[in-house]
Structures are given as structure tokens and as C-alpha cells.
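Let me begin by presenting the structure, written as C-alpha cells, before commenting on it.
Everything numeric here is computed off the predicted structure, so don't read it as measured data. Counting starts at 1 for both ligands and their atoms, in listed order.
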Amino acid sequence: MSRFFSRNFAGLTPYTPGEQPQDKKYVKLNTNESPFPPSARAQAMAAKAAAGLQLYPDPTCRVLRERLGALYGLTADEVIVTNGSDEVLSFAFMAFCDNGVIFPDITYGFYRVFAELYRIPFEEIPLKEDFTIDIEDYKGRKETVFIANPNAPTGIPLTVAEIEAIVRSNPHRMVVVDEAYVDFGGESCAPLIAKYDNLLVTGTFSKSRSMAGARLGFGLACPALIQDLETLRYSTNPYNINRLTMAAGLGQLVDEEETRRNCRAIIQNRQYTITVLSEMGFDVLPSAANFVFAKHPAIGGKDLYLQLKEKGILVRHFDKERLKEYNRITVGSREQMDALLTTIKEILEE
Ligand SMILES: *Cc1c(COP(=O)(O)O)cnc(C)c1O
């Protein structure tokens with residue numbers, strides 16, 4: 001730390017992203033990226049947009065917001081687009097948390113980082129023994145609620161009815177539902193937006209839409225909430241969506257059918273992976289996401305992670321007490337899963 005670093009931030013523990021090794025080629029199952037490239041149209045439109053990079057992008061992102069809105073039955077003024085969904089989550093922490101925040105003790109690690117960054121009092125609510133969320137813990141509380149649905153790194157979803165019960169239980173407090181993984185078998189809360197003015201739903205192009213490298217996320221909410229988020233966007237980085245990303249995003253949305261097909265393939269590969277891992281003796285949580293969370297009685301989580309890495313396969317291990325026997329494994333292509341399963345079998349036989 002330099003002697004110039006603000007005392008306001010000196011105590012921060014930043015978010016630790018998954019490894020993105022640049023040295024050798026791994027079978028990369030550690031950051032829940034898609035094994036499929038963006039659609040040919042998305043690629044071509046981004047390439048074409050490169051010729052206009054001397055110009056700033058459209059700060060209103062109007063067309064992209066209209067198309068995204070149409071996909072969810074909403075209007076453009078009910079949509080904000082951001083540099084990854086991490087950015088809309090960051091804005092939500094800034095905008096809506098004067099009464100503190102609550103979120104599960106096991107969930108997306110960024111929530112805690114944002115709470116600390118913005119000095120928002122937070123409480124982490126323990127998941128039940130089986131890693132599910134008890135919705136009763138969140139009903140009627142005054143703090144803003146952040147819930148990843150499906151949750152990470154467990155993959156376990158809540159139903160829309162369960163989330164609606166939380167939203168309805170206190171209309172004077174906001175609920176933010178992070179739907180980064182919803183396209184892999186969860187139910188979107190977007191249809192609730194017409195009914196509730198205390199609900200923000202966030203989504204991303206990073207997982208189901210194969211665009212993690214482009215950084216494109218979005219928020220869906222009633223127009224007044226979107227306006228608040230826009231105030232923060234225009235106060236930090238009005239050109240947060242660059243021309244290449246905007247063009248690729250528009251192209252990918254035209255090919256929504258391809259996205260759906262890719263998601264169906266991932267869901268199939270997930271079922272296959274769960275079946276084979278279970279046959280090998282793994283305990284696998286019931287996932288509705290593009291990853292599985294699994295542990296084996298004969299090998300520690302860290303040990304398995306390290307041995308897989310040694311053999312060229314990257315998965316995500318968390319050192320946290322309740323998680324350390326597990327690994328979070330991204331569900332990729334059938335070939336990637338076969339490489340993983342064969343290697344795990346070898347490790348267990350050794
Ligand atoms: C991946 C992820 C995000 C956001 O990713 P972006 O790439 O910033 O859109 C948000 N929430 C959860 C739970 C995630 O796993």
C-alpha cells in the first residue's frame with residue numbers, strides 16, 4: 001500500500017476472481033463461462049462496430065434496452081444496461097441500502113465486498129444444513145435483501161412464489177434478485193416487476209449468452225428504480241457499454257434461439273455429470289445452474305482441486321469452513337466433462 005492510499009479503503013478485502021491463467025491451456029471449469037462462442041451474428045456485428053471506435057458509444061443504449069425489454073415483456077425505461085452485472089449490483093448497493101443489507105452466508109462473494117466498500121452494515125444469514133435458503137429469515141426485515149437465484153456456489157434455486165413472498169412481506173424495503181444463472185433451469189422473477197416497485201432483477205450476458213469477455217449485464221425494475229440507477233451510472237461512467245460490446249449484445253439477442261439451445265445442451269451435460277459423479281460416490285447438490293457443487297468422502301476438496309489442476313483441469317475451490325470439502329465445477333461441453341470425469345476417476349483410483 002502506498003502512503004497516499006485513502007484511509008477510507010485501506011481495510012478493504014477485494015473480491016478474488018477465479019483464476020484466469022495465461023500460461024498454459026486448461027480444461028477451464030472454474031468461472032462458469034460458456035463452452036460455446038457467441039453467435040456468428042454477434043461476432044460479425046462486433047467486428048463491424050470496430051470501424052467506428054473513434055466515436056463514443058450511445059450513452060443511452062436505447063436499442064439494446066428496447067430489445068432486452070422486449071425479451072422480458074418490459075419497456076426500455078424498465079431496463080438499465082451495465083458493464084457486467086457486477087456493475088448494476090454495485091449501483092444497487094450504492095442506491096438502495098440506507099437500512100443495511102442482508103444476504104446468505106454462502107452466496108456470491110461480491111455482495112460482502114460491495115457492502116464493505118460502501119460501508120453498509122450487513123448481516124450474513126446462515127443457509128440451512130442442506131444449503132437451502134429459509135425464506136422466513138428474510139420476511140418482514142427492514143434491510144435490503146440480495147439473493148442470487150439460483151444461488152452460487154450451491155446451484156440451488158428458489159421458486160418465484162418463494163421470492164414473491166419475501167418481496168411482498170415488506171413493501172418498504174428493496175429486494176434484489178441476481179439471476180446470473182436463471183437460464184439454466186431457474187424461474188425468472190421478471191414477470192413480478194409489473195406488480196412490485198421494490199424489486200430489482202439483475203442478469204448477465206456472461207453465462208448463458210457466451211459473452212463473459214465483453215462485460216454486459218442488465219437490471220430490470222420499475223422506471224423509478226431504473227432512474228435511480230441511471231443517476232449513479234451517469235455520475236460514474238455514462239459510456240459504460242463500449243461499441244463492441246453493444247454490437248455483440250444486439251447480435252446475441254437476435255440469436256436468442258441459439259442461446260436457448262446452448263442452455264439445453266448445458267442442462268443435459270449437467271445431468272450426465274451429476275449421474276457419473278454420483279456413481280463415483282460424490283455428494284452433489286441439486287443444481288439449476290451451469291455448475292455443480294460436489295464433495296467426495298475419500299478426498300478433501302482442496303486436494304482434489306490441486307490434483308485436477310496438476311492434470312490440466314481447473315475447478316473452483318473455496319477455503320471457507322462449510323465449503324472446503326467441496327469443489328464448484330462448471331458444466332461445459334460433453335468433451336470437457338468427459339475429460340473431467342476420466343481424470344477424477346484416475347485420481348480416485350490412485
Ligand atoms: C457471474 C456472476 C455475476 C456477474 O457476472 P458479470 O460477468 O459481472 O455479469 C453475478 N452474480 C453471480 C452470482 C455470478 O455468478
Side-chain angles (χ1 to χ4, degrees), residues 14-20 28-35 38 61 64 68 79-93 101 103-115 117 124 127 131 133 145-158 163 175-186 188-189 200-220 229 233 236-237 240-242 245-246 248-249 252-253 259 263 266 270 285 287-293 315-318 320 323 327-332:
Y15 179 70
T16 315
E19 298 166 88
Q20 308 293 353
K28 199 168 173 305
L29 304 175
N30 69 326
T31 47
N32 300 341
E33 291 140 322
S34 176
C61 303
L64 188 51
L68 257 174
V79 182
I80 183 173
V81 288
T82 54
N83 192 303
S85 57
D86 290 339
E87 191 179 47
V88 67
L89 291 167
S90 171
F91 291 158
F93 271 86
V101 310
F103 45 83
D105 64 337
I106 293 169
T107 189
Y108 188 38
F110 231 133
Y111 303 157
R112 189 193 170 109
V113 175
F114 285 136
L117 175 63
E124 296 175 300
L127 293 182
F131 289 102
I133 287 172
V145 174
F146 281 78
I147 286 184
N149 189 45
N151 197 14
T154 63
I156 299 173
L158 290 174
I163 289 179
V175 175
V176 180
V177 183
D178 175 350
E179 296 189 347
Y181 299 109
V182 77
D183 296 330
F184 302 103
S188 177
C189 286
L200 169 66
V201 174
T202 69
T204 180
F205 281 58
S206 295
K207 282 48 187 253
S208 60
R209 295 190 179 88
S210 301
M211 281 178 45
R215 315 305 303 127
L216 184 57
F218 56 92
L220 311 171
L229 296 168
R233 189 175 71 89
T236 49
N237 187 7
N240 60 337
I241 310 298
N242 69 71
T245 296
M246 198 148 9
Q252 192 67 35
L253 283 181
T259 295
C263 289
I266 297 292
R270 177 178 73 210
L285 299 190
S287 171
N290 68 337
F291 55 83
V292 294
F293 201 52
V315 298
R316 186 91 194 255
H317 179 259
F318 299 91
K320 206 169 168 165
L323 309 181
N327 279 291
R328 191 194 68 190
I329 304 166
T330 302
V331 176

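If you look at ligand 1, the protein residues with a non-hydrogen atom under 4.0 Å away are Gly84, Ser85, Asp86, Tyr108, Asp178, Ala180, Tyr181, Thr204, Ser206, Lys207, Arg215.
Atom CG of Asp105 sits about 10.0 Å away from atom CD1 of Ile133, to the nearest 0.5 Å.
Here Phe146 and Phe93 bring their ring centres to under 6.0 angstrom of each other.
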Derivation and outcome, side chain to side chain contact (heavy atoms under 4.5 Å, CB included), residues Leu200 and Val175
CA-CA 6 Å; Leu200 169 66; Val175 175; over 6 Å; no
I'd like to know whether Thr82 forms a side chain to side chain donor-acceptor pair (under 3.5 Å) with Asn240, so could you lay out the CA-CA distance, the side-chain angles of the two residues, the decisive distance to 0.1 Å, and finally the verdict.
CA-CA 6 Å; Thr82 54; Asn240 60 337; 5.5 Å; no
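Residues Asn290 and Glu33 share a closest heavy-atom pair of ND2-O, 4.2 Å. For Phe114 against Asp86, the heavy-atom pair with the smallest separation is CZ-O, 3.4 Å.
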